[in-house]
Amino acid sequence: MSSESPLKLFHCLPVPTGNISDVHEMQPIRMAILHNIILRGFNSMIYYSGEIRPGTKKYASFFGYCGEVMNMVHHHHSIEETLFFPFLESKLGEGTMDGNLEGHEHFRAPLAAFEELLANLRSGQETWNVDVFRKAIYDLVEVLRDHLQSEIETLRPEKIRDQIPAAEFIAKEAEAEKIIMKESSLVTDLPILLVNGDSRNGAWFPKLPLPIAWLVKYVLWPIHSNWWAFGSCDKHKRVKPQFAAYEPSLENKEGTLG
């Protein structure tokens, strides 16, 4: 069924400027890059939903891809809630992360509604309708995007530098990296970051040893290459032309668009 409504995609969030070698300045930059990966994931689902038909291999592959986008969303917010927010609150003061946690609650209902629709479509309990599918994403992202933007503000270096020594932040980063790598699949979790990544502003993210990057891109990639074809970018994080207009601007040092 073809769509009867106009296509609507979401603009990525502006990326803060700064020195990524400075652990404090890197925080909002990385957060913006991660949040834009999420937005690109939803944009790609919206866009390619107009190109699939039930009963085809492409249809099944599309829902494999959608599942990985949602896994990435959940993993990102789980790391925030279980690791980073408690650490930040312990340094910045009780209640300082309440707004971020409340933001997670605000989009929990539309997130659950979209995931229920996905599950029913995959099982055949729901009949495919591209407009219904896109509306479920719009209902979610219109709430989620505001949260993704506001969350970046809590990590501005001027808000965290004096309260959190660099050495402590670096130690927490190392702890998080070990947990993330232990929980991540080279077959699914890393490719979803690449096909929605940012070769201009985030060529350094995710940080992968060269042998691992090579393994993911050239050995493991074919396992689900039919899924990754639905990404906003290629395996080198180069954005596809149809998504280029929604790529982020850079902020200047004052936090306004430059």
Side-chain angles (χ1 to χ4, degrees), residues 20 23 26-42 44-45 61 63-91 97 100-101 103-105 107-108 111-112 114-115 118-119 122 140 144 147-148 151-152 154-155 164 168-198 202-228 230-233 235-237:
I20 61 171
V23 70
M26 183 269 291
Q27 297 302 318
I29 298 172
R30 183 181 58 193
M31 186 67 82
I33 289 169
L34 270 166
H35 287 178
N36 284 337
I37 288 172
I38 292 172
L39 290 173
R40 290 189 191 95
F42 284 112
S44 57
M45 288 193 286
S61 297
F63 285 106
Y65 172 77
C66 293
E68 291 309 315
V69 172
M70 301 316 296
N71 287 341
M72 182 252 303
V73 171
H74 281 293
H75 188 249
H76 171 65
H77 288 116
S78 174
I79 289 293
E80 286 183 332
E81 292 181 358
T82 61
L83 192 65
F84 269 107
F85 288 175
F87 170 72
L88 291 169
E89 185 156 302
S90 73
K91 300 298 179 181
M97 293 294 109
N100 290 353
L101 292 170
H104 288 190
E105 290 302 318
F107 65 78
R108 205 172 296 278
L111 176 66
F114 177 61
E115 291 194 299
L118 274 181
R122 294 183 84 164
L140 168 58
L144 175 63
H147 162 72
L148 297 179
E151 202 168 65
I152 294 169
T154 64
L155 291 176
I164 309 177
E168 291 187 27
F169 230 140
I170 291 169
K172 180 56 68 172
E173 290 279 331
E175 177 189 348
E177 187 173 334
K178 287 181 181 178
I179 293 171
I180 290 168
M181 290 305 295
K182 183 179 179 180
E183 294 177 350
S184 297
S185 164
L186 298 181
V187 176
T188 54
D189 295 324
L190 292 180
I192 201 70
L193 297 179
L194 298 180
V195 297
N196 291 300
D198 188 336
W204 53 277
F205 184 84
K207 293 180 179 178
L208 296 175
L210 285 177
I212 296 296
W214 186 88
L215 180 66
V216 170
K217 291 180 180 179
Y218 300 106
V219 178
L220 302 177
W221 198 270
I223 295 174
H224 294 303
S225 59
N226 53 326
W227 295 3
W228 314 138
F230 294 105
S232 291
C233 308
K235 68 173 68 175
H236 306 293
K237 297 181 282 188

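Throughout, numbering of the chain's residues begins at 1 and tracks the sequence.
Pro28 places none of its side-chain heavy atoms less than 4.5 Å from the side chain of Thr154. Side-chain atoms of Tyr65 and Met45, non-hydrogen and from C-beta on, do get closer than 4.5 Å to each other. Two residues are said to be in side-chain contact when any heavy atoms from C-beta on lie closer than 4.5 Å; Leu144 and Ile38 meet this criterion. Residues Phe114 and Met70 are in side-chain contact: their nearest non-hydrogen atoms beyond the backbone lie under 4.5 Å apart. Between Trp204 and Asp198, the closest side-chain pair of non-hydrogen atoms is not below 4.5 Å. With contacts defined as side-chain heavy-atom distances shorter than 4.5 Å, the pair Ile20/Phe205 does not qualify. The closest side-chain heavy-atom distance from Phe230 to Val69 is not below 4.5 Å. Residues Glu115 and His74 meet the side-chain proximity criterion, which asks for heavy atoms closer than 4.5 Å.
Heavy-atom minimum distance, Glu80 versus Pro86: O-CD, 3.8 Å. When all heavy atoms are compared, the tightest approach of Ser232 to Ser44 is OG-CB, 3.6 Å. The two residues Ala176 and Phe84 come nearest to each other via the heavy atoms CB-CE1, 3.8 Å. Nearest heavy atom pair, residue Lys237 against residue Leu194, reads CG-O, 3.2 Å. Closest non-hydrogen pair, Asn196 versus Arg40, comes out as O-NH1, 3.0 Å. Heavy atoms only, all atoms of each residue included: Ile37 and Ile192 are closest at CG2-O, 4.4 Å.
In this structure, His224 and Trp227 have parallel ring planes: the angle between them is below the 30° cut-off, well short of the 60° mark. The aromatic rings of His147 and His35 sit tilted relative to each other, their planes meeting at an angle between 30° and 60°.
With rounding to the nearest 0.5 Å, the separation of OG1 in Thr188 from CG in Leu193 is 10.0 Å. Separation of atoms CG (Leu190) and CE (Met72) is listed at 12.0 Å; rounding is to 0.5 Å. Put simply, CD1 on Ile152 and CG on Asn36 are 7.0 Å apart, with the number rounded to the nearest 0.5 Å. Atom CG of Leu148 and atom CE of Met31 lie 9.5 Å apart (nearest 0.5 Å). The CD atom of Glu175 lies 10.5 Å from the CD1 atom of Ile180; values are rounded to the nearest 0.5 Å.
By the 4.0 Å N-to-carboxylate-O rule, Glu177 lies too far from Arg30 to be salt-bridged with it.
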